[in-house]
> 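Supplied in C-alpha cells, the structure appears directly below.
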Amino acid sequence: MADLDYVAPASVAGAIEALAGGGAKVLAGGTDLLVQMRAGRVKPQRIVDLKRIPGLIGVRQENGGFVIGASTSGAELGEHAALIHAWPGVVEAVQLIGSTQVQGRASIGGNLCNASPAADSVPALVAARAICVVVGGQGRRELPVEAVVTAPGATVLAPDEFLLEIRLPPRAARASDAYLRQIPRTEMDIAVVGAGVSLTLDAAGVCSEAHVALGAVAPTVLLVEAAGAALIGTTLDDAALDALAQAAEAACRPISDKRGTAEYRTRIAGVLARRAAAIAYRRASERT
Amino acid sequence: MSDAPTKNRPDTAALKVIGTRPVRPDGVDKVTGRAAYGADFRAPGMLTGRVKRSPHAHARIVSIDTRKARALAGVKAIVTAADFPDLASQEYEAGESASNLRDLAMNVMARNKVLYQGHPVAAVAAVSASIAEAAVALIEVTYETLPHVIDVEAAMAPDAPLLHSHLFTEGVSPRPASPSNIAKRHLFVRGDVDAALAAAEVVIDRRYTTQAVHQGYIEPHACVAEMAADGQCQVWSSSQGQFMVRTYCAKVLGIEISDIRVTPAEIGGGFGGKTTVYLEPLALALSRQSGAPVKMVMTREEVFTATGPTSGSVMHVRLGATREGRITAADVELKFQAGAFPGSPAGAASMTAIACYDVADFRVVGWDVVTNSPKVAAYRAPGAPIAAFAVESAIEELAQQLGLDPIAIRRLNGVRDGMKAAYGPTFENIGFMETLDAIESHPHYKAPLGPNQGRGVAVGFWFNIGGESSAAVHLSEDGGAVVATGSPDIGGSRASMAMMAAEVLGLPVERVRPIVADTASIGFTGLTGGSRTTFATGMAVVQAAEKVIEELKRRAALIWDVPVETVTWEAGAAIGPLDPKGGARRLDLDTLAAQSGRTGGPISAEVSLNAQGAGPGFGAHICDVEVDPETGQVTVLRYTAAQDVGRAIHPSYVEGQVQGGVAQGVGWALNEEYVFDVDGRMENAGFLDYRVPVASDLPMIDAVLVEVPNPRHPFGAKGVGEVPIVPPLAAVANAVRAATGVRLDDLPLSPPKIRAALQKG
Ligand SMILES: Cc1cc2nc3c(=O)[nH]c(=O)nc-3n(C[C@H](O)[C@H](O)[C@H](O)COP(=O)(O)OP(=O)(O)OC[C@H]3O[C@@H](n4cnc5c(N)ncnc54)[C@H](O)[C@@H]3O)c2cc1C
C-alpha cells in the first residue's frame, strides 16, 4: 500500500520546497481534499498543510483594501466587521459553504483552488475583482481570480505553486455587493446556479461601475461583462434589470445533470443575477 | 398466552408514570457519543470484510476468478455464491414483510445473474481495509450484460427484459402461460365499481407517479460475525430484530438457528430498512473460511445502491361522487417497483389506499413488479404513503371541484366505529373523526396566508400490528428492577418499557433499567416493525411485572403467615390484613426484595406472548408552503400533524415519532428520489444529491396527540411510528397546488419541475 506523508511547514519557502518533489497536495481545511481522498478520487503521496505559515490565516487591511490569507475559514471571515461592511457579498458567499461545522474548517482559498464550477465564494470574488497572489519555485505572481481555474478540477497553479492570499481592492463610498445561489434545500448543498454582483453608485444613486459573475453555468465561473454593462448609467430600473438578466442568460453554457437541466440553470441565472443586483443596489444606496 | 389478565392493573385515572416525560434512558449515551452502534464493536483478531459488487444493472455472471485476490498477502477468505447453499423457494413470515428465503439468499449474494448495480458477487476478508479493497479490485468477474428495465410500466410491458425466467404472475387466473416481471396482482373489490362510476355525478380521473426513495437512516449497515471451529456463531449487528438476523443467517448459510447467538447493537435508524440482512451472512461465511471474526461496514454508496429503498410507482385513481361530495366509487390501480426480487408493498398499499373512507363500491388493484434496482425493503408504513399521495390528491381535487372544505369532505366520507374497512375487518375504537376535529380546531387551520402561499390537508391510515414478544422483569435485591425485552429500540421503546413496568410495580421510573437482550438471553421476539413494540412487547412487560407483583404478594403472605388472597398491592407495597393487635401490615418493594433470599430466592418473571388487537392509527395533517414562482423552490412554512395514538406512554417520544415521520414525508414529497443513468446506475448515491431535508428545511412540526385508548392494551397504547409518514406526501402536494394553482402529480416536487409546470401554466 502506498505511504502517505504529512508535512506542515512554517514558512512559504518550506512549503514550496515540500511541494517541489511532486505527488503532493496542499491542505487547508480539508473539507474537499479529505472527502476526495476517501472516495479514492485523488491519491496524493504527500500532504502539505499550509495553516502554520504566518499570514495564511487572517485578514489585514492594506492601502484601503483587504488581504485575506488563503487558508482563512468562513467562520473567521464571518466575524470580521470591517470586511463584512465593505464586502458583504463576499462574506455571505463564503458563509454559505456547508454548515457551522464545515465553516470552522473550509477556507476561501480551498474553495477557489478546488476548482469546482459551483464553488460559492468564487462568483462573489470575481465580481469583486479580487486579485490572487500565488507563490512558487518561480517566484511570486498576481492574477485575477477568474484566471486561476481553467476547467473543473484544474487550475493554472504549477505543482510547486500555491495561493498565498486574496486581495480585495479599496471600496468607493457608495459601493456594495451581494451573492445568491439556488439549491433545492436551505443548506448543505451545491449551487445549481450562483450569482455575484458588485456595484458602485455615484452621489445621485446612478450605477457607475458593475460586475456580474455566474457560477455553475459553465465549466468555470463566468465574468459576464455585458451583464455588468447593462447596469451602468442606470438606477437599476426594471429595464436595466431585464437587460442584465438577458445578458446573464445569454452567457450561460450549462450542462444538464441530476442537479438541474441546462434550461433551468440558464433561467435561474437570470433570476438570481437580477435579485443579487437588487440587493447590492439596496446595500450601496444605504451608504451615504 | 393470550390477552393480559386485568388484575393488579393500576387505575388509568391514577397513573403516575404513564404520560409523563422522564429523562430518556438512552439519552445520555446518545448525546455523549458513548452509545455503541453497529460499527463500534470490535473483537480481538478481527478481519475486515468488503464486498465486490456488480457494476451492471443486469448481467449474466460468466465467471468469477479470485486467484489473484487470494494470492494477495493478508487476504484470509473470499466467498462467492458457491459458498452458500442453493436454496429452494420458501416463504418466510417476518413481521410486516414476508420474504422468500431463496430470493433473500440471492440478494445477499448473486447467483448466475446480477440484477442491479451494487448486487454482491463476492466478498473478501483481509487483515486490513486497504488489503480487502485491493483484493476486491483483483477479483475478476466476466459479465455478459443484458438489457435492463427500471421503470415500472416498462417492466410490465410484454417485451420487457425478463429478470427471472421462473416468475409467473400470482393472483390472476388462469395462471399465465409465460413468465413476466409481474410477480403478483393484489385485488380488493366490493360491489360494482364500473356501474357506480357510470352513475356518479362527478368523476375525478388522475394518474400519479412517485420515484423510489430510501429510508435514509444515518447509520450504515454494520456487523461483526464469528463462527468458531465447533460451528457456534456469534453476531453483533445493528438491526430491527436480532431474532430476524439469527433466522435469516441460519437459512442463508444452511445452519441451525440454535447455533447462532445475535447481540443487538444500538441502532442509528432503520425505518423498516433494517428488517432484513445484507452483511451478516457474508461475514459469517468469511469467518467460517478464515477462522477469525469478520467486521463489515457499508459505505453510504453501498447503502444507497444495495439496500432499501421503497418502491417507485405509477398510480391511477378514479373517484365517483355525488354533488354533495359523498364518494360512491373508487377505482385505484397501483403499479409498484419491487426491485430485483418480488415483494414490493403493493399489497399493503392496496389495503390502505381507501382505508380512511367508507365507499360502497370499489376496486383496488396492486401490481408487484420486479425491476433492475435494489430489492425494496420495508419503509415506515410500507406502501401507504405512496397510495395516500394518489388518493388524497384525488380527494383534494374532488373537494375543489365541488367547492367543499377539505376537512368537511373527509368527515363526510370518513370511517367510524362499526364500519367495515375496505381491507376486511370492522373498525373498533378508532379515532379518525377525533383527529379531524383536532386539526379543524387548531389555530393553524384558520391562519391567514400570504401571496404565493398555500395550504394542504391530507389524512392517513396504518394498521399497526401485535405479534410475538418476550419480556422479563428482574428485581434486584435493593428493590430496583431490570426490564429485558427482545425488541430493538428504534423509537424510544426502552423508555416506554421502563415506564410501563414502573407504573405496574409502583417504582419511580429511574429505578427501572430497560435493556434489549440478545437472542440467547430472552425468548423469541419478532422484529421491531409494524409499530408493534409498545403495544405487543409492552403487553409482555406489563404481564411480567404483574407476575412479579403476584410473587411479591406471595412472599409478604409468607412473612406474615396469612393467606395470599388477603394481601393486596398498593402504591409499590404489599398490604396485609391487620395484625392480631390491630396494627397495619405493610411491606414495601425494597423490603420484600431485600428479604427475597430468605423467602424463596430471586424474584423475576418472563412472559412470552402473541399479542392480538393492535389498534389501527389515523393521522390528519395540515401543511402550509410558499412557492417561489421564479425558481420553483418550495418552503414549508408551517406543519401540524394530529394523530390518534391511543395513549402516549412517553409523550415526547411520541411527538418525536410524529415529527420524524413528517420530516421524512416532506423529503419524499419535495426532493428525494433515486436517479438512474441510461445504464441503470444510480447517479445520486450519497446525501449530497439524495436530498433528505436538513433541519433548516423544516419548520417546527406541531404534533397534536389525540388519545382514543385501545382497550386491548393495558394502558391503551396504539402503534404510533408509521402513521405520521402517510399523509405528508399529499399534504405537501396539495399545499403546492393551492399556492400555485397548478396540479403536479409527479413526485418529487423539485424546483425545476415546479418551475417548468408554472411556465406551462
Ligand atoms: C458537508 C460539506 C458541505 C459543503 N458545502 C459547500 C457549499 O455549500 N459550497 C461550496 O462552495 N463548497 C462546499 N463544500 C466544499 C468545501 O467545503 C469548500 O470548497 C471549501 O471552501 C474548501 O476549503 P478547504 O479549506 O476545506 O479546502 P481543502 O479541502 O483543504 O482543499 C481543497 C483543494 O484546494 C487545494 N488548496 C487548498 N488551499 C490551497 C492553496 N492555498 N493553494 C493551492 N491549492 C490549495 C487543495 O489541494 C485541494 O485540492 C462542502 C463540503 C462539505 C464536506
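All chains are named by letter (A, B, ...) in the order of the sequence lines, taking the proteins before the strands, and each is independently numbered beginning at 1. Since we're looking at a predicted model, the values are computed, not measured.
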> Let me confirm one number: the CE-CG distance from Met188(A) to Leu688(B), rounded to the nearest 0.5 Å.
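It is 9.0 Å, given to the nearest 0.5 Å.
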> Of all of Arg691(B), Glu673(B), Glu301(B), which one pairs up most often with chain A through heavy atoms under 4.5 Å apart?
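Counting heavy-atom pairs under 4.5 Å, the top option is Arg691(B).
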> Locate the shortest heavy-atom distance separating Asn671(B) from Pro184(A); write the atom from each residue and the value.
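Closest pair (atom of Asn671(B), atom of Pro184(A), distance): ND2-O, 3.2 Å.
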> At a 4.5 Å cut-off on heavy atoms, which part of Ile190(A) comes close to chain B: side chain, backbone, both, or neither?
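It is both, since atoms from each part get that close.
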> Need one label for Gln182(A): side chain, backbone, both or neither, based on atoms under 4.5 Å from any heavy atom in chain B.
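Contact with chain B involves the side chain of Gln182(A) alone.
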> Counting neighbours of NZ on Lys52(B) that are heavy atoms of other residues, nucleotides or ligands and sit closer than 6.0 Å, is the number greater than 12?
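Check passes, neighbour count above 12.
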> Is it the backbone or the side chain of Thr631(B) that comes under 4.5 Å from a heavy atom of chain A, or both, or neither?
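Both backbone and side chain.
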> Is Arg755(B) close to chain A through its backbone or its side chain, or both, or neither, when contacts mean heavy atoms under 4.5 Å?
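Contact with chain A is through the side chain of Arg755(B) alone.
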> Give the intermediate values and the outcome of salt bridge (Lys or Arg N to Asp or Glu O under 4.0 Å) for residues Glu630(B) and Arg275(A).
CA-CA 11 Å; Glu630(B) 287 184 308; Arg275(A) 291 182 182 179; 2.8 Å; yes
> Taking atom CD of Glu263(A) and atom CD of Gln759(B), what is their separation to the nearest 0.5 Å?
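Glu263(A) atom CD to Gln759(B) atom CD measures 8.0 Å (nearest 0.5 Å).
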> In terms of heavy-atom pairs under 4.5 Å with chain B, which of Val271(A), Ile183(A), Asp189(A) leads?
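The option with the most such pairs is Asp189(A).
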> State whether the number of non-hydrogen atoms from other residues, nucleotides or ligands found under 6.0 Å of Glu225(A) atom CD is greater than 12.
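Count not over threshold, so no.
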> I'd like to know if the side chain of Arg185(A) reaches the main chain of Val692(B), judged simply by a donor and an acceptor atom lying under 3.5 Å from each other, with no hydrogens or angles considered.
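Looks like yes, one N/O pair under 3.5 Å.
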> Less than 4.5 Å to any heavy atom of chain A: does that hold for the side chain of Phe676(B), its backbone, both, or neither?
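Contact with chain A is absent: no heavy atom of Phe676(B) under 4.5 Å.
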> Tell me if a side-chain donor or acceptor on Asp689(B) pairs with a main-chain N or O of Lys258(A) at a distance below 3.5 Å.
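Looks like no, no N/O pair under 3.5 Å.
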> Check the surroundings of atom NZ in Lys30(B): do more than 12 heavy atoms from other residues, nucleotides or ligands lie under 6.0 Å from it?
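For Lys30(B), atom NZ is crowded (more than 12 foreign heavy atoms under 6.0 Å).
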> Got a second to check how far Ile268(A)'s CD1 is from Asp628(B)'s CG, nearest 0.5 Å?
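Answer rounded to 0.5 Å: 7.5 Å.
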> Which atom names give the shortest non-hydrogen contact between Tyr264(A) and Pro751(B), and what distance separates them?
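Looks like OH-CB, 3.2 Å.
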